[in-house]
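The structure appears below as structure tokens.
For ligands, and for the atoms within them, numbers begin at 1 and follow the listed sequence.
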Amino acid sequence: MAFTIAIDGPAAAGKGTIGRALAAHFGFAHLDTGLLYRATGRRMLGGLDPIEAAHSLRPEDLEADDLRTPDVSQAASRVAAIPEVRQALLDFQRAFARRAGGAVLDGRDIGTVICPEAEVKLFVTASDAERARRRHIELTGKGHEVTLDEVAQDLRDRDARDSARATAPLKPAEDAVQLDTSSMTIEEATERAIAIVTAAQG
Ligand code: DC
């Protein structure tokens, strides 16, 4: 039976962490849809046309170890504003969302465009300062040399672009449950998300 959990929100709000935890708890498959745009953006930086890059994505493109760098993040946000790129990635995401056994997808347009019929929709947010702090720790922990200010600027640029684009902009679905994780630990945010999903399962 299909059961979809759609998680949307701005960059570095905790969507991925919550998504992985929900998938592990409920035994669902998880798709970080940002990876599709990151892999497409990375291939564009390598010289490919972005629409062609999206149409010919291969599973191994999603495993490149430099998909989280600031350059690739910005490229992902830029290719994500191209309607033909989004269209090329649509069917794969929709099929994943409705696969048997349950699925968790996180991104920007999961509850609004990819799976408006999702059984649970979460819109995960956190303050700008907290998101920058978390992403900075993550990146420096992986050996990237970036300052807190650069990370904050990257998040601001991407959120502005992701929210302002004409096709599938970042915004909460009308029936999404908002979860502000600014002052929550990972455990608290995860517990809260599990409680919301459990309540929806009835
Ligand atoms: O979730 P993320 O930060 O890894 O996503 C990278 C970029 O991809 C983000 O800035 C916007 C884009 N994106 C999107 O437009 N739609 C999605 N469902 C997921 C990501």
Subject >> Pairs satisfying salt bridge (charged side-chain N to carboxylate O under 4.0 Å, His left out), at least one member in residues 76-96, at least two apart >> reply: Arg86-Asp109

**OP:** Please list, by chain and number, the protein residues whose heavy atoms come under 4.0 Å of ligand 1.
**Re:** Thr33, Gly34, Tyr37, Arg38, Arg68, Ala76, Ser77, Ala80, Arg86, Gly107, Arg108, Asp109, Arg158, Asp162, Arg165

Original post:
Which one of Ile18, Leu179, Val120, Leu105 satisfies the side-chain contact (heavy atoms from CB on, under 4.5 Å) criterion with Ile7?
Top reply: Ile18

**OP:** Can you run down the salt bridge (charged side-chain N to carboxylate O under 4.0 Å, His left out) pairs that involve residues 157-168, sequence neighbours left out, and say none if there aren't any?
**Re:** Arg108-Asp162, Arg131-Asp159, Asp154-Arg158, Asp162-Arg165

Original post:
Just by distance, with hydrogens left out, do Thr181 and Arg134 show a side-chain donor and acceptor under 3.5 Å apart?
Top reply: yes

Subject >> Pairwise salt bridge (charged side-chain N to carboxylate O under 4.0 Å, His left out) hits with a residue in residues 18-45, at least two apart >> reply: Asp32-Arg68, Arg42-Asp66, Arg43-Asp61

Subject >> Distance (rounded to the nearest 0.5 Å) between Ile51 CD1 and Ser56 OG >> reply: 11.5 Å

